[in-house]
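This report concerns only the one structure given below.
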Amino acid sequence: PWFHRFAGLQSCSAPHSQFFAPSEGIMLPAGSFNNRVAFITGGGTGLGRAMTTVLSQLGAQCVIASRKLDILQQTANEISSQTGNKVHAIQCDVRDPQAVSHCVDQMVALTGLPDVIINNAAGNFICPSERLSPNGWKSITDIVLNGTAFTTLELGKRLIQNQKGQGVIQQCNWSRIR
């Protein structure tokens, strides 16, 4: 399916409804996000990349952020050329509140405040649970929990200050521990 292709996931063999065929396409009408700005942390790879692609296809100007600027820039260029909508790449470590504030400053200068916020940054490493160290656990919670809080608080305060009530906050954090 289209989502698995963009997210780099394998097709699942889960059973489907006997009554309705699964929908493989984008369910929202074209242009649903015209003149909207979407901010996606962890937007350079995996699910973040897939969500960025779909939002851009639906008309959004997207801003993707993560620690690895080279991956972000490559993703932004690929999606922009595919959809015709600008995707901006900003380096940001969501574990650092000052880095988040600086990232938001850069985004505001480029696009203004976002209409859609997706907290997708995550600490992904394969590790059996019984071998997860306290340091590994701290890394996961610093990104997933604290990073989500720092990003949401920074953007929320600015949205309130600017009386921009249409901000939608979607939290979609993923960490992989076996």
Practice item. Apply salt bridge (charged side-chain N to carboxylate O under 4.0 Å, His left out) to Arg67 and list each qualifying residue two or more places apart in sequence or on a separate chain. Key: none
Revision key, fill the gap. Sorted by chain and number, sequence neighbours left out, salt bridge (charged side-chain N to carboxylate O under 4.0 Å, His left out) with Asp96 holds for none
How long is the span from the [atom1] atom in [X] to the [atom2] atom in [Y], to the nearest 0.5 Å?
X	Y	atom1	atom2	answer
Ile79	Gln57	CD1	CD	9.0 Å
Ser56	Gln82	OG	CD	8.0 Å
Ile40	Thr75	CD1	OG1	11.5 Å
Thr52	Leu72	OG1	CG	9.0 Å
Cys92	Ile64	SG	CD1	12.5 Å
Ile118	Phe39	CD1	CZ	10.5 Å

Donor-acceptor pairs under 3.5 angstrom involving side-chain atoms of residues 25-35: please list them, not counting sequence neighbours.
unit_1	atom_1	unit_2	atom_2	d
Ser32	OG	Pro29	O	2.5

Give a yes or no on whether the backbone of [Y] and the side-chain of [X] come within a donor-acceptor separation of less than 3.5 Å.
X	Y	value
Thr148	Val144	yes
Thr41	Asn120	yes
Ser80	Val87	yes
Thr141	Lys138	yes

Point to revise | Sequence-distant partners of Asn146, side-chain contact (heavy atoms from CB on, under 4.5 Å), two or more places apart | key: Asp142, Phe150
Point to revise | Gln91: partners by side-chain contact (heavy atoms from CB on, under 4.5 Å), with sequence neighbours left out | key: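 Only Leu69 meet the side-chain contact (heavy atoms from CB on, under 4.5 Å) criterion with Gln91.
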Point to revise | Nearest heavy atoms of Glu154 and Val104, plus distance in Å | key: CG-CG2, 3.9 Å
Does any part of the side chain of [Y], heavy atoms only, come nearer than 4.5 Å to the side chain of [X], both counted from C-beta?
X	Y	value
Thr45	Ile71	yes
Arg158	Ser101	yes
Glu78	Arg49	yes
Pro114	Val116	no
Ile117	Thr152	no

Practice item. May I ask you to check whether His88 and Gln61 show a side-chain donor-acceptor distance below 3.5 Å? Key: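 Side chains of His88 and Gln61: pair found under 3.5 Å.
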Review point. Is Leu155 reachable from Leu153 through a run of hydrophobic residues whose side-chain heavy atoms are each under 4.5 Å from the next?
Key: no
Check your understanding: Should Leu113 and Leu110 be regarded as members of a common hydrophobic cluster, given that ILVMFWY residues are connected when their side-chain heavy atoms come within less than 4.5 Å of each other, either directly or indirectly?
Key ->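 In one cluster: yes.
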Review point. Less than 4.0 Å between a side-chain N and a carboxylate O, is that true for Asp93 and Lys68?
Key: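 Between Asp93 and Lys68 there is no salt bridge, as every charged N stays at least 4.0 Å from the carboxylate O atoms.
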Practice item. Could you list the residues that satisfy side chain to side chain donor-acceptor pair (under 3.5 Å) with Asn85, not counting sequence neighbours? Key: none
